[in-house]
Amino acid sequence: MASKQMMFVVVAALAVAFLPALAAATEHTVGDDKGWTLGFDYAAWAETKQFKVGDTIVFKYKEPTHTVVEVGGADFKACNKPADATVMGTGEDRVTLDAEGRRWFVCGVGKHCENGMKLKITVLAADAGAAPAMAPGSPSTPPPPPASSPAGKVQASLVQAVMAVAMVIAAVLAF
């Protein structure tokens, strides 16, 4: 019986240990509920976010009213759409942030970029901002993400799923 209890504790500890890694990636809807549109301050919006490798940014808009074009820094500043640039125009364009560094996006329609429809972000390493390693034997753990954040909602769902699985395992082991 003691070995069954020990196995349950080990399984539960491993599941909880991997929850932060499973909930690490975040999906950012550009402009939140306003989406990709004119008359929105994307610089201010980006300052409130932390973008990490593995995250996804989603540009939502009514097509063909707008487009999304990823450009370099100089083209961003000049609102220039290079001839060889890839233009996204689905109305829900998803970009996975797969490397650290700066990324620049503009709307390629008319003078939309000149009118502020452009976004510059800095992508951090996936583990950037992680809590420092705890001293061995330390009883405290890093705080979870806020429950209202997408990562917090995912982590809360995963915790519930892990707890349900752990309870099933405990019930099976008890019999």
Side-chain angles (χ1 to χ4, degrees), residues 16-135 140-159:
V16 171
F18 287 104
L19 281 177
L22 293 172
T26 301
E27 183 174 284
H28 304 275
T29 299
V30 175
D32 295 325
D33 61 335
K34 301 290 185 209
W36 187 234
T37 188
L38 289 165
F40 188 85
D41 187 347
Y42 292 101
W45 176 84
E47 287 177 12
T48 67
K49 310 294 181 208
Q50 187 174 58
F51 304 96
K52 295 183 181 181
V53 171
D55 288 357
T56 302
I57 55 174
V58 182
F59 294 85
K60 291 184 179 182
Y61 55 94
K62 291 182 181 156
E63 51 90 19
T65 308
H66 303 296
T67 62
V68 178
V69 183
E70 186 164 8
V71 297
D75 288 323
F76 176 84
K77 192 171 186 175
C79 282
N80 181 45
K81 182 178 82 176
D84 62 345
T86 301
V87 178
M88 297 175 269
T90 68
E92 189 167 324
D93 303 320
R94 305 173 89 70
V95 178
T96 300
L97 306 175
D98 55 1
E100 294 177 54
R102 291 233 170 108
R103 305 276 296 261
W104 300 271
F105 301 90
V106 300
C107 180
V109 174
K111 298 281 184 192
H112 291 188
C113 178
E114 289 89 341
N115 290 319
M117 212 169 156
K118 55 198 237 176
L119 171 68
K120 173 177 69 172
I121 63 172
T122 300
V123 182
L124 305 173
D127 60 355
M134 298 289 183
S140 59
T141 58
S148 61
S149 75
K153 290 176 185 175
V154 169
Q155 189 169 4
S157 297
L158 287 172
V159 167

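The model shown is predicted, which means the values in this text are computed figures rather than measured ones.
- With sequence neighbours excluded, the residues forming a salt bridge (Lys or Arg N to Asp or Glu O under 4.0 Å) with Glu92 are Arg94, listed by chain and number.
- Closest approach of Phe59 and Val95 over heavy atoms only: CE1-CG2, 4.2 Å.
- Interatomic distance, CZ of Phe51 versus CG of Leu97, reported as 7.5 Å (0.5 Å rounding).
- Ala46 and Leu119 get closest at one heavy-atom pair: CB-CD1, 3.9 Å.
- Annotation: side chain to side chain donor-acceptor pair (under 3.5 Å) contacts involving residues 33-45, sequence neighbours excluded, comprise Asp32-Trp45.
- Screening residues 78-87 for side chain to side chain donor-acceptor pair (under 3.5 Å) gives Asp75-Asn80 as the qualifying pairs, with residues at least two apart or on separate chains.
- A donor-acceptor distance shorter than 3.5 angstrom exists from the side chain of Asp55 to the backbone of Thr26, with no hydrogens or angles considered.
- The shortest non-hydrogen separation linking Tyr61 to Thr90 is OH-N, 3.3 Å.
- Annotation for Ala25 and Gly54: closest pair CB-O, 3.5 Å, computed over non-hydrogen atoms.
- Shown here is Lys49, whose NZ atom has more than 12 heavy atoms of other residues, nucleotides or ligands within 6.0 Å.
- Checked against side chain to side chain donor-acceptor pair (under 3.5 Å), Thr56 has no partners two or more places apart in sequence or in another chain.
- Considering all non-hydrogen atoms of both residues, Val69 and Ala85 come closest at CG1-CB, 3.6 Å.
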Contacts table for residues 101-117: side-chain donor-acceptor under 3.5 angstrom, sequence neighbours left out:
{"residue": "Arg102", "atom": "NE", "partner": "Thr122", "partner atom": "OG1", "Å": "3.3"}
{"residue": "Arg103", "atom": "NE", "partner": "Glu70", "partner atom": "OE2", "Å": "2.4"}
{"residue": "Arg103", "atom": "NH2", "partner": "Glu70", "partner atom": "OE1", "Å": "3.1"}
{"residue": "Arg103", "atom": "NH2", "partner": "Glu70", "partner atom": "OE2", "Å": "3.3"}
{"residue": "His112", "atom": "ND1", "partner": "His66", "partner atom": "ND1", "Å": "3.0"}
{"residue": "Asn115", "atom": "ND2", "partner": "Lys111", "partner atom": "O", "Å": "3.1"}

query = Stepwise, does the side chain to side chain contact (heavy atoms under 4.5 Å, CB included) test hold for His28 with Val58?
reply = CA-CA 6 Å; His28 304 275; Val58 182; over 6 Å; no
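- Residue pairs meeting the salt bridge (Lys or Arg N to Asp or Glu O under 4.0 Å) criterion with at least one member in residues 59-68: none, sequence neighbours excluded.
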